[in-house]
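Inspection log for the structure reproduced underneath, given as C-alpha cells.
A quick note: this is a predicted structure, and the numbers were derived from the prediction, not measured. A, B, ... follow the sequence lines: proteins, then strands. Residue 1 opens every chain.
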Amino acid sequence: MKLTLRVNGIEQTAEADPLQPLARVLREQLNLRGTKIGCGNGECGACTVWVEGEAVCSCLYPAFRAEGCAITTIEGLATPERLTALQQAFIDHGATQCGFCTSGMIMAASALLARNPQPTEADVVHGLTGNICRCTGYRQIIDAVLSVGNKQ
Amino acid sequence: MNAPLREVGRRIPQKGAEQRVSGGAVYTQDIALPGMLHAAVLRSPHAHALISGLDVTAARAAPGVVAVITAEDFPGKPYYQLGGSYSDRHPLARGKVRFYGEEIAAIAAETLEAAQAALKLIEVTYEILPALLTPEAALAPDALPLHEAANMLGGRNLAIRFTCDYGPVQQAFADAAKVFEDEFSHGVAVPACMETNGTVASFDPASGDLTLWTATQAPFFIRKEVAHVVGLDVERVHLRGVEVGGGFGGKSKICEQEALAAMLAVKAQRPVKLILDRREEFISGKTDHAKRIRLRTAIADDGRILARATSLQIDNGAYTAYAPTYVGAARQRTTCLYRVETAHYDCDLVYTNKVPGGQYRGMGAPQMIWAIETHMDKIAAHLGMDPLEYRLRQANQSGDVTPLGWKISSCGQSDCLNEVARRIGWAEKRQGPREATPGKLRGVGIAAMIHPSGGVIYQEGNYSNTRIQMLADGRFVVHTQTADTGTWQNTTLAQIAAEALGVPSELVSVSHMDTDAAPPDLGSAASRVAFVSGNATKRAGEALRAMVARELGRHWNCNPDDLAFAEGKVRSTADPSRMADIAEVAALCGELNAEARYSTPGERPDPATGIGNYAATYVFGAQAAEVEVDMATGQVRILKIVAAQDVGRALNPVAIEGQLYGGILQGIGMALQEELIFEEGRPVNASFLDYKVPRIGDAPPIELALIETNDPEGPFGAKAGAEPTINASIAAIANAVAHATGMRFYELPLSPDRILPKLQAGRKLALKPWKRPYNLEVATVRKAYPAAVFPVLRKIGTKFANTPKQGVKPEIAAPRDIDGLLAALASPNKRTKLLGGGTDLFVGLRQGIYDTELLVDTARVDALRGIALQDDMLHIGAGNTLASLTDSDLVRRILPMLAEGVDLIATPQIRRVATVAGDLCQEKRCWFFRSAFPCYKLGGATCPCFAVQGNNRFHSILGAKRCAAPCPADLAPIFTALGAQAVIIGPNGQRKVAMEDFYQWSGLSCLTAGEVLLRFELPLSARSSHAFEKFAVRRSDFAESSVAVRLDWEAGRITGARIALGAVAPLPIRAEATERALLAAGRPDAKQIRAAAELAVQGSLPLRDNAHKTHLLVNLAERAIRTAIEHAP
Ligand code: FES
Ligand code: FES
C-alpha cells in the first residue's frame, strides 16, 4: 500500500506491505537507520519511536496503522551538532557503550521526561523497563536521565 | 617516564558518542550497498540426523532468488578454529546435522521475504539419530559417536580428556586436617549482545577481492577463517570498520554467517546482507558452556590450602570452537586463585547434540570462582574465622609463584578485599540481624578474583601492531585491527596515543577493524586490547613522535632530542623561542606514519600441563554483595554491590567504571536469572521475554573503587580491565545469599524455583489434590508419561498433528464501527482474528502459532474505547489500551488497584498499544507452544504436552489437564476479583458474561465465532477494598503467580470476599475455600489470614519444577489479603 507519513516534521511517502513493521519502513525506505532492531518482537525497545507523540516499539507497529501519523525518530530529535539536553547528558555520563540500545533508550527516556519532567529514580526505572541494554549495567543511563530532570 | 600524565587518566567522553546518541552510528544492519541481496539460512529442525537427501532445485528457481548454497559449494575445508582435531565444523552441514539450528543451506534473494520463502522450497530428507543431549548420555558406553574418531582425542565423544597434578597432591590430601568436597553445576548462559550477528559481503569478480562488514570482535580471525573456507587468499579478504553492538566474547571468533554471506556474495557476484534475527541468535549464536564442577579442597589445621582438586566436565556442544582455551581458562582459577600449595585438575570436554559453546565474558571464571569462594567461606566457618580475614591470609601476593607457574608481579588483591569490605560495612553487617525486616533475610558476601592480563597465547602468539598517522592538519588517526564493541577501546587507545605523542586526546581518533588500513592484531578478546594493543599503540605513538622530531629537526635545524612534545605543542628545550603548535608542525612536516608491534613477553604454556607464566601481569579484584532474600517469593534482591579492581592504571575512569557496571550486571544475570533452557536439544526460551537478561529494574546500586598498582609492563601502568569485571559477581552474591539464608545452593541460577522450596521447607502446605477429582486421572496419566504416553504421542501422535499452516499472509479489514466489525468477522471460510495492539498477534504469526487469513483491526472502532462511570459501574471499553487505564485519573481515583495492576503488565511501549481485550485473549505463553513444538495446544489431541516432562517451572499447578499452560493475563484475576462482567456483541446481539465464566477449563475464552468483546462493567462499592499481588522475576515479565482480592465490609467485618488466582491454572480461579474462611472469621487475625491463604492451593498438583509456585501462591494470597484488610474502608 502507499503510505503517507509525517516523519520528523516532513511529509514522506512510502510503498509498503500493510503489515510490514514501521521500523522497516523507516529504515529501509526512508533511510532512517538510527532506529535499531534488536529483537523484532517488542521485547527490547531498541526500535522505540514516537507515533503521535507516544513511545512505541516500531518493530511491532504495522505500517498500515501509521498511515497519516506524525512520527518522530532519533534523527528527528537533534543533529550531532545540536544535541538535546538528554543526548548531551548521555555523553557526559558515559551512558553509551556499544550504542546499539541508545536510540531506543533516548526515545523512551525523552518520552518519559515529556510526561514527567522531574522523574524520581523509580520513575526512570519504571519508564525504561522496556529498553534492554546489555553493556552499561544501566547505572550511567539512570544518572543521565536524572541529571536532565533535575536541571529542568 | 615520571612526567605527570596528561591524557591517560582523563575522564574524556566516548569517541563516537555524538553519533550514538543521535542515531548516526552505522552498524552492520545499517549498511546498504547498491544491488545488495538479502540472505536467509536453512537450519536443522533436529538435534541429530543424517541428511540423506538435499534438493535445492525448486528454491533456485523461486522468484527473486539469485544464489543458493549448500555444503557442496564450499571447497570442503572445515574451519581452522584451534586446528588439528579441533577443526571439526564446516560452514554448512555435510551429510549430518549435529544440533538443532545447524546451518544446512543459505539463500540470497532480492528481498528478505523472497529468501525466506525460498527456504521452504528446499527439500531435505533426514534420518533421525538418537540425540545425545547431556554429557552423561554422550559418555555412555553405547553412545553413538558424534564425530570422526580423529576429532575425539579424548575418546568417544570427548574432544579433550585432560588430567594433571601440580605438585604432590595425593600427599597433600593424605596430610590434610580437613577436606571439603562439593559438586556445583550450571547451564548455558549467552552473551545476548543487543546487536545480533550479521555480515554484509561484497565480492569483486574482476579483482577477486572480498570485502566484509561484520559484527565481530576480531577481524584478524574472521579474515583467516573466511579466506580458508571460501578458498581465497587471505590478502584478498578485506574487513571494513563498522560499529559493533556488543561482543562479550560472543563475536570473538568466526560466527557462521560471515562465511555464508561471503560464499553467497561470491556465487551471486552481488553484495549480500545476512543478519540473524533474535531467535536465530539465541539458537545458533555462541554461548557460554554448561559445566559440572567437582571441587575438593584440603586444608591444614591453620587453614593453609594444601591442595585444591578440580574435576570439571564441560559441555562442548556439537562442535569445538575455542573450548580448548576454555578448558585452560578454568584451570587457571582453580590453580591460581588464593595461595594454593598443590593442585589437581582434570577436565572432560564432551560433545553433545547441542548448540556449540563459544566464549562469553570471563571464560568460565565466574562459575569457577563461585565454587572456589564457596569453599573459602566454608573453610572460614570451619576455622571459626571471619571470611574476610581468612581470605586476606590466603590472598595472592607479589612475588608468589602459583602451582600453574604464574609469577605474580603487581598485586592488589588484598587491597581490593579490604576496600570492598570497608565500603559494604562488612564487620557490622556480618554481625547484624539477618531478619531486619520481617520476612526478608539480609546477608553480605565477598569474593575475589584473578585474571591474566592479555594472557591467551594463540597459535599466532599474542601480539599487536598499530599504525598511527599524523595528518597534514595536525590530527592523528590510530589504525587498529581490533574492534571497539562498546568497550571504549577506541577512546582509551586514543588517550594512550595522545599521551605518547604529547597532544590532546581531542586531536586523536581511532579507525578500527579495517584490515587494509591497519596492520595485523589478534583482536578485541581475551582481555588483550588495553594491555597488548595498548602497548603497541604507545610504542607507535613514541615512534611517530620521534619521526616528527626528526622531520622538524631538519626544518628547524636543531637536534631532534631537544624537542619536547606536550599539550599539543612542540618546543625546543635548547632554544625557547622555537615553539609551534602541532598543527603548524604537521603542516611543515606533511603526513607521517609510524607503526609499532608489541608481543607479550609471556611464556607459551607447556601443552601437557598448562604450566607457564603466560601473562605479563595479572589482574586482581574483589566484590562484595549485600542481598535481601524475600522469604515469601524466594527472590534475591541485590541491595548493593561494591567492586574494587586492580586496574593497574585507569586509562579513562569513565570507561572502566562503565565496564564494571556492565560486567557486574551480566554477573548478576548469571547468578540470579539467566539460563538457556533446552528441550529435545532445542532452546525453548529463545527470546528476551523468556531468557531473562537483566532489565533496568534489576540494576542495583554499585559502588566502585579503582585500585591503581601501576603495572611496570602495562601501557602507562594499565592492566586488562573489561572482561574480568564479571568474575567475582556470582561468588559474592551466592555467599551473601548463604549468609542471609544459612543455606547453600549448588546450581545456578539462584532463581525462586530453587530457593523458595528450601526456604519454605518447614512449612508444609496441604495440597489435597483429591479436592479436584480429575487430578486422579491427571496424576495417573502423568505417571505413565515418560515410559508410555509421551513416546507414543511424540512418535506417532504428532504425525497427525493439525498444526497451523506456515507462511500465510493475512489480509486486513479495518472497519470503522461495530457493524462493520461484525460483518468483517463473518467473512465466510476465513480464519479470522481480531487485531488489538498486535503485540501478541504479530509475534505469534512469526512464531508459527497462528495461521490467520484475515485480521480485523479494532483500532478505528470508537465504540470499543472509553472509560466511564455509569451508575455504580465503571465501564471500560475492550479496545482501550492498557496505558489509557493507567493514564486515567478516573481509574486511578476510584480503582487504584486496577491502575497499579495494569502498570505491572509488560513495558511502557507495549502498554501504549496493547488492549484490554488483547491482554485477556492473548494466547498462552508456554515456551514449548511458543517455540512451535508439535504439542497438544498447537497440534491437537494426538499430540503430547511437552510440559509434563520438560522444564515446567512456569506452568500450571492447578487445574491443568491435557495442556499445562497457565493463563498469562494479569487482567484475568483482577477482573474476576472485581466481579466484572464482560459485554459481548455478536451476530445474535449482546450478552453479558461474568468474568469467572469468561474462560473455559481449556483456558480458551467463551467467545464464539463472530463475537467481539465490547466492554467490561466493573461494579463499584464504597464498602469494598482491593489488593493485587503479582510475582515475576523481572518487572515486565508475565506473572509466575498473582492474586487479586476484593473484600466487602460492613461494620468492620468482611461480608463479601472475591479472591482470584492468576498464572497458576489455565484460567483465573476463584479461591473459594479461602473466601469462605475469611467470611467465617469476619475479622481475621494474622493466623486466620495465613490459614485462609493456605487453602488457596488446595487441589493443586504441581509439576516437577514448579513446586515453588504453591508457596508463592499462598504467600502472595496472604500478602494480598493483608493489604486488602489494611485498606478496609
Ligand atoms: S526491536 Fe523492537 S522491541 Fe526489540
Ligand atoms: S550500550 Fe550496548 S546495548 Fe546499551
Which distance, rounded to the nearest 0.5 Å, do you find between the [atom1] of [X] and the [atom2] of [Y]?
{"X": "B:Thr196", "Y": "A:Phe100", "atom1": "OG1", "atom2": "CZ", "answer": "6.5 Å"}
{"X": "B:Ile696", "Y": "A:Glu121", "atom1": "CD1", "atom2": "CD", "answer": "8.5 Å"}
{"X": "B:Gln14", "Y": "A:Gln140", "atom1": "CD", "atom2": "CD", "answer": "10.0 Å"}
{"X": "B:Trp488", "Y": "A:Cys98", "atom1": "CH2", "atom2": "SG", "answer": "13.0 Å"}

Original post:
Any side-chain donor-acceptor pair under 3.5 Å between B:Arg846 and A:Asn41?
Top reply: yes
**OP:** Inspect the contact between B:Glu674 and A:Arg134 and indicate whether a charged nitrogen and a carboxylate oxygen are less than 4.0 angstrom apart.
**Re:** yes
Subject >> Lys/Arg N to Asp/Glu carboxylate O, A:Arg115 vs B:Asp887, below 4.0 Å >> reply: yes
Let me know if [X] has heavy atoms under 4.5 Å from chain A in its side chain, its backbone, both or neither.
{"X": "B:Asp698", "answer": "neither"}
{"X": "B:Ile275", "answer": "neither"}
{"X": "B:Gln659", "answer": "both"}
{"X": "B:Ser687", "answer": "both"}
{"X": "B:Pro810", "answer": "both"}
{"X": "B:Asp277", "answer": "neither"}
{"X": "B:Arg912", "answer": "side chain"}
{"X": "B:Thr839", "answer": "both"}
{"X": "B:Gln29", "answer": "both"}
{"X": "B:Ala699", "answer": "both"}
{"X": "B:Leu689", "answer": "both"}
{"X": "B:Leu665", "answer": "side chain"}

**OP:** Would you name the heavy atoms of B:Ile812 and A:Pro18 that are closest together and state the gap between them?
**Re:** CD1-CB, 3.5 Å
